[in-house]
There are 2 protein chains.
Amino acid sequence: MGLRHAVLAALCDDEYSGYQLAKAFDVGVANFWSASSQQLYSELTRLEQAGLISGREVVQLDRPNKRVFTVTPAGLEELAKFAAADSKPLSFRDDLLVKIQVIDQLDPEPVIAQLEERAAEASAKLELFGQILLRLRGDLDEQTYLRRGEQIGPYLTCLGGIRFQQVVRDWSTTTAEVLRQRRGTS
Amino acid sequence: MGLRHAVLAALCDDEYSGYQLAKAFDVGVANFWSASSQQLYSELTRLEQAGLISGREVVQLDRPNKRVFTVTPAGLEELAKFAAADSKPLSFRDDLLVKIQVIDQLDPEPVIAQLEERAAEASAKLELFGQILLRLRGDLDEQTYLRRGEQIGPYLTCLGGIRFQQVVRDWSTTTAEVLRQRRGTS
DNA sequence: CTACCCATGTAACTGGTTACATGATTAC
DNA sequence: GTAATCATGTAACCAGTTACATGGGTAG
């Protein structure tokens, strides 16, 4: 089961409500998983019934109350079992790459626009992830943090996210450039 | 619909049987999509009924006969509509990243082993993709091919696959290294 | 008073995975 | 004769998406 463990992992960091998790899965957590809010609410319900997380009501005066969740010892045990088992191969699906694959048979204009949009999104994520890294490591420089810092996990996944987004940005930009040049000469 | 267009794109390159497509989706096409053979057989059936591809029987003496498929004009039109429409955000899901995220709470040993396995797979793919690039561009050097070569699409997606696999290999290797060092010092 | 954010869900549907089933041919 | 590769599927199940529903609070 996929989402189950991603949610448990996200809740290891801090306690979150369904709504907050949905936000997190839109940005940071999206480094390794993506999910809609509907999926999250029902997964949280199932996880609580299974005793892997426990929720508590937080009363808020200025806005609707919420229920935040934390991982139970049973939840941690579940994560440990999961980590020791073989990983499924990473699943990767991208509309835009499908379009590039057959670009020779198509009008390149709309695809070029989509590549540029994708590059812009990647730039935005890079800025965000850069800030997250700084916040995580505090005063320490990267080498020191990697050796002796606490909570190395989120730092490492964020580093991975940065490298991935760099590739997305650079590849999208150069691909758009190649297609633009060929448009002129054919 | 996702797989539908990925299959159409793959069949633009050449004619394939279900079995051959399944092989392709395991390696090269996996750059932009992944699918099981069962999914492919049923998708091929649906695509043929919809008139987007057409199949023909190939009689083979030394092995079981097969049916190979090509994209029809209607199929190409479908691809054109697809390319002009907005792309869904790329979906990315990885067990291994989930495990790294919570590595501080877990036994790192099995995860380190998985990272090393992942790096080895990435190396193998890099070698394969490098060969595909060479075969695609023939005698031309890359700059020339990008400007004037025919069939630029598969070349561009393969370039993207290479950059992606490089990140996977490098990140997996350095992450495993970081975790190994910390194991010693904690 | 309108639009947007916070907050939580249900229901119907589509897409994807796992397990199972069959049968021919080739290489050891 | 046993395992591996070629070749094609069915059925049951699980995961993920889309559409819909509700209601309070805040900013303009």
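No hydrogens, no waters, no symmetry mates; every other heavy atom, side chains included, goes into these values. Order of the sequence lines fixes the chain letters, A, B, ..., with proteins taken first and strands second; residue numbering starts at 1 for each chain.
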Practice task
Would you mind telling me which residue lines up with the more 5' stretch of DNA chain D, B/Pro64 or B/Ser91, judged by nearest nucleotide?
Solution key: B/Pro64

Handout entry: Proximity to the side chain of B/Met1 - top-ranked nucleotide from D/dT17, D/dA7, C/dG15
Key = C/dG15

Practice task
Would you mind classifying the nucleic acid contact of A/Ser42 as base, sugar-phosphate or nothing, using non-hydrogen atoms under 4.0 angstrom?
Solution key: nothing

Practice task
Starting at atom NZ of A/Lys23, determine the distance to atom C1' of C/dC5, rounded to an integer number of angstrom.
Solution key: 7 Å

Practice task
Group every Ile, Leu, Val, Met, Phe, Trp and Tyr by side-chain heavy-atom contacts under 4.5 Å, then state whether B/Leu133 and B/Phe129 land in the same group.
Solution key: yes

Practice task
Tell me what B/Ser17 touches on the nucleic acid: a base, only sugar-phosphate, or nothing, going by heavy atoms under 4.0 Å.
Solution key: sugar-phosphate

Completion exercise
CG of B/Leu146 to CG of B/Leu140, rounded to nearest 0.5 Å, is 10.0 Å

Completion exercise
In whole angstroms, the gap separating P of C/dC6 from CG of A/Asp62 amounts to 11 Å

Problem - pair A/Arg118-A/Thr175: side-chain heavy atoms closer than 4.5 Å - result: no

Problem - B/Tyr19 side-chain proximity, nearest of C/dT8, D/dT5, D/dG23 - result: D/dT5

Completion exercise
Between CG of B/Leu21 and P of D/dT8 the distance, given in whole Å, is 10 Å

Practice task
Give one of base, sugar-phosphate or nothing for A/Gln38, where a contact means two heavy atoms less than 4.0 Å apart.
Solution key: base

Practice task
Take atom CZ of A/Arg67 and atom C1' of C/dT8, then tell me their distance rounded to the nearest Å.
Solution key: 11 Å

Exercise for the section: Indicate the atoms forming the closest heavy-atom contact of A/Pro154 with B/Asp104, along with that distance. Expected result: CD-OD2, 3.9 Å

Handout entry: Ring center gap for A/Tyr19 and A/Tyr41 short of 6.0 angstrom
Key = no

Exercise for the section: Just call it for A/Arg4: base, sugar-phosphate, or nothing, with non-hydrogen atoms closer than 4.0 Å on any strand. Expected result: nothing

Practice task
Grab the CD-P distance between B/Gln39 and D/dC13 for me, whole Å please.
Solution key: 19 Å

Practice task
Please state how far atom CG in A/Leu61 lies from atom P in C/dC6, giving the value in whole angstrom units.
Solution key: 17 Å

Exercise for the section: Would you mind reading off the distance between B/Phe25 atom CZ and C/dG15 atom C1', rounded to a whole angstrom? Expected result: 14 Å

Handout entry: Nucleotide nearest B/Tyr41 (side chain, heavy atoms from C-beta), chosen from D/dT17, D/dG9, C/dA7
Key = D/dG9

Problem - Residue B/Leu3, side-chain heavy atoms: nucleotide from D/dA7, C/dG16, C/dT18 that is nearest - result: C/dG16

Handout entry: Euclidean distance, atom CD of residue B/Gln60 to atom P of C/dT26 [Å, nearest integer]
Key = 11 Å

Practice task
With the side chain of A/Ser36 defined as its heavy atoms from C-beta on, choose the nearest nucleotide among C/dA24, D/dT17, C/dG16.
Solution key: D/dT17

